[in-house]
Amino acid sequence: MPELPEVETVRDGLDRLVVDARVSGVEVFREYSIRRHAGGPALFAEQLDGAVLTAAVRRGKFLWLPIVAPGGPASLTPSHALVAHLGMSGQLLVRDPGEAGDWTHPHLRVRLHLDGAPSGARHLDFVDQRTFGHLAVESLGPTPDGAPGGHGSDLAAVPASVAHIGRDLLDPAFDADAVVAAIRRRRTGLKRALLDQTVVSGVGNIYADEALWRARLHYARPTDTLRRAEALRVLDAAADVMREALVQGGTSFDSLYVNVNGESGYFSRGLAVYGREGQPCPRCETPVRRDAFMNRSSYTCPRCQPRPRNARW
DNA sequence: TTCCGCACCTGCCGGC
DNA sequence: TGCCGGCAGGTGCGGA
């Protein structure tokens, strides 16, 4: 399940392997995967065919590749971007000349043919089993604060669909004080606030549980009772756990998350509570508890993270 | 305006 | 063996 560290691993791979490539063809095998692109597959292909991929940028779990339009010089400032969200199972796979020929995949949704990639790659494939991910070409708009739109480019611009997403914890322009204030203004549960991408982006179910465990806070703690130091503690914990995951190439439970070369990360071995129902808490050895939460699961240590009496979610 | 619940989607797994 | 329901979960939308 791609979260920030996994998406950053993919972004880094794209940055090294396909930036400066020109798109020489587009194949859409599953129209649903470009459902957010206004105009459908024909316009999607038309806008990309001949375009140059100029960078690989990420904010939270959103990725985008600013493009110089077909026919334009590669030095032109990009006005549009190929936006990608991996959803739950999306993969962006870079295929080299040796394997590009007949390689296929049962969940291959979109294929970009490339010319002039620094790696010699000929295909950028969007593979997505559960089809929650999507691709789209969107116009770029200026950032309100004039800071770079995301990690990977100095361009102070973001795609339209990313404009409402908050900056992530690893972004140099992340404003911790403003995010703490935003969390404490809310009247909801702490985990729900952490998962709200408009408050802080990049935190998903796995890292929310891990950050809450590290900060010794329960997911149902009302945000309006949170002390400033507690809010900072959980944000710091989330940043730490994501940095550690990033070093190990992200978290992986199965083949659904891989980097651009199709390789899995190793951070799942470092998880303290997520997916460990009934197993001992690494701190106090109390069995980890699993609760249903927002149509998914939350994992906590009942001793390290006691449930508040005024629980809210 | 803010918060919450649900739909979207596919494959795997367990139960019958 | 085959069918069915439950589960996984990020995002956006509609309703309260």
inquiry  = Over 60° means perpendicular and under 30° means parallel, so tell me whether H134(A) and H85(A) are parallel, tilted or perpendicular.
reply    = parallel
inquiry  = Are the side chains of H151(A) and L170(A) in contact, using a 4.5 Å heavy-atom criterion?
reply    = no
inquiry  = What is the separation between atom CD on Q91(A) and atom P on dG11(B), rounded to the nearest whole Å?
reply    = 13 Å
ask   = Is the backbone of E285(A) close enough, under 3.5 Å, to the side chain of Q279(A) for a donor and an acceptor to pair up by distance?
value = no
task = Please determine if a side-chain N or O atom of H164(A) lies less than 4.0 Å away from the OP1 or OP2 oxygen of dG12(C).
result = yes
query = What is the distance, rounded to the nearest whole Å, between atom CZ of R184(A) and atom P of dT2(B)?
reply = 18 Å
key: Matching residue for N205(A) among K191(A), E3(A), E210(A) - test: side chain to side chain donor-acceptor pair (under 3.5 Å)   = K191(A)
request  = Could you pick out which residue, R109(A) or R185(A), lies toward the 5' side of DNA chain B when each is mapped onto its nearest nucleotide?
outcome  = R185(A)
query = Under 4.0 Å between a side-chain N or O of S297(A) and OP1 or OP2 of dA8(C)?
reply = yes
task = Measure the distance from CE on M88(A) to P on dT11(C) and round it to the nearest whole Å.
result = 11 Å
Interface with DNA chain B, restricted to residues 186-194 of chain A and to heavy atoms under 4.0 Å = R186(A), R187(A), T188(A), R192(A)
message = Is the phosphate of dG10(C) approached by R296(A) (side-chain N or O, under 4.0 Å from OP1 or OP2)?
response = yes
query = Which part of the nucleic acid does R36(A) contact within heavy-atom distance under 4.0 Å: base, sugar-phosphate only, or nothing?
reply = sugar-phosphate
task = Calculate the interatomic distance between Y299(A) atom OH and dC7(C) atom P; express it in whole Å.
result = 11 Å
task = Specify the separation, in whole Å, of atom CG of D209(A) and atom C1' of dG10(C).
result = 15 Å
query = dC7(C) P sits how many Å from M294(A) CE, rounded?
reply = 17 Å
key: Nucleotide dC3(B), atom P - distance to CG of D224(A) in whole Å   = 9 Å
query = Can you tell me if the side-chain N/O atoms of H85(A) get under 4.0 Å from OP1 or OP2 in dG10(C)?
reply = no
task = Could you give me the CA-CA distance, side-chain angles and deciding distance for H164(A) and Q197(A), then say whether side chain to side chain donor-acceptor pair (under 3.5 Å) is met?
result = CA-CA 9 Å; H164(A) 70 291; Q197(A) 303 295 299; over 6 Å; no
request  = Check whether the side chains of Q91(A) and H105(A) place a donor and an acceptor atom closer than 3.5 Å, and report yes or no.
outcome  = no
ask   = For dC9(B), does OP1 or OP2 lie under 4.0 Å from any side-chain N or O of Q129(A)?
value = no
message = One thing to verify: whether R243(A) and D240(A) come together as a salt bridge, which I'm taking to mean a side-chain N less than 4.0 angstrom from a carboxylate O.
response = yes
query = For DNA chain B, what dot-bracket results from Watson-Crick or G-U pairs at under 3.5 Å, with [ ] for crossers and | for inter-strand partners?
reply = .|||||||||||||||
query = If only atom types and distance count, is the side chain of R109(A) paired as donor or acceptor with the main-chain N or O of Q129(A) below 3.5 Å?
reply = yes
query = For the side chain of R289(A) and the backbone of T300(A), is there at least one donor-acceptor N/O pair under 3.5 Å apart?
reply = no
key: Hydrophobic cluster (4.5 angstrom, side-chain heavy atoms) - remaining members for V83(A)   = V57(A), F62(A), W64(A), L140(A), L155(A), V158(A), V162(A), I165(A)
key: Gap between atoms OH and C1', on Y32(A) and dA7(B) respectively (whole Å)   = 9 Å
Nucleotide nearest H107(A) (side chain, heavy atoms from C-beta), chosen from dG11(B), dG10(C), dA8(C) = dG11(B)
